[in-house]
Amino acid sequence: MAVERTLSIIKPDAVEKKKVGAILAMLEEAGFSVLALKRVKLSKEVAEGFYAVHKARPFFGELVQFMTRSPVVVAVLERDDAVAKYRAVMGATDPAKADAGTIRKAFGANVGENAVHGSDSLDNAKIEIAYFFPASEVAPQA
Ligand code: ATP
Ligand code: MG
């Protein structure tokens, strides 16, 4: 299985609940290395750009409002098969439908406030990583 990188965002709801450490611990336990990490308050423009693929969806305004209401923690994660493995650890978009043991089951409130984001393909992971981190801020595993 190829080593991949994916982008994680710990969303405002989980940061507000002080679950950053717990979520990073779950990720490290699941075999991910954290290659880059920062806490940032997204501007409306940055959030709209990040979720541009959803701009025609009815929940777009609500999503941008949520993602900009307080800081998020953005990370680059690496392991074999990282994109699919991280989606599995995150759980379903709606926490009520997420499997036991997943991050969204543990910390998500509802389909909008669902604790974490994860890239949905390797191509999008590359785009999303570059959206937040210049190459100089991603430190490869020794
Ligand atoms: P993400 O892209 O954040 O990792 P996802 O890939 O599981 O989540 P998407 O379909 O890409 O789900 O939706 C992006 C985000 O938009 C969701 O994580 C959630 O915060 C929000 N969202 C999705 N569906 C709804 C909805 N029906 N009502 C409100 N917000 C929603
Ligand atoms: Mg998505």
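When a ligand or atom number is given, it counts from 1 through the structure's own listing order.
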Please go through Val89's hydrophobic cluster and name the other residues, only I, L, V, M, F, W, Y counting, with side-chain heavy atoms under 4.5 Å joining them.
Ile10, Val15, Val20, Ile23, Leu24, Met26, Leu27, Phe32, Val34, Leu37, Val73, Leu77, Tyr86, Met90, Ile103, Phe107, Val116
Compare every heavy atom of Ala125 with every heavy atom of Thr6, then report the nearest pair and how far apart it is.
CA-CB, 3.9 Å
Residues passing the side-chain hydrogen bond (donor to acceptor under 3.5 Å, both in side chains) test with Asp81, sequence neighbours excluded, are Lys85
So, taking the atom named OG in Ser8 and the one named CD1 in Ile129, what distance separates them when rounded to the nearest 0.5 Å?
10.5 Å
Within the protein, residues bringing a heavy atom under 4.0 Å of ligand 1, chain by chain
Lys11, Tyr51, His54, Phe59, Glu62, Leu63, Arg87, Thr93, Arg104, Val111, Gly112, Asn114, His117, Gly118
Of all pairs that satisfy side-chain hydrogen bond (donor to acceptor under 3.5 Å, both in side chains), the ones with a partner from residues 59-73, not counting sequence neighbours:
Glu16-Arg69, Glu16-Ser70, Arg69-Glu113
Once you measure the plane-to-plane angle for Phe50 and Tyr131, does it fall in the parallel (<30°), tilted (30-60°) or perpendicular (>60°) bin?
tilted
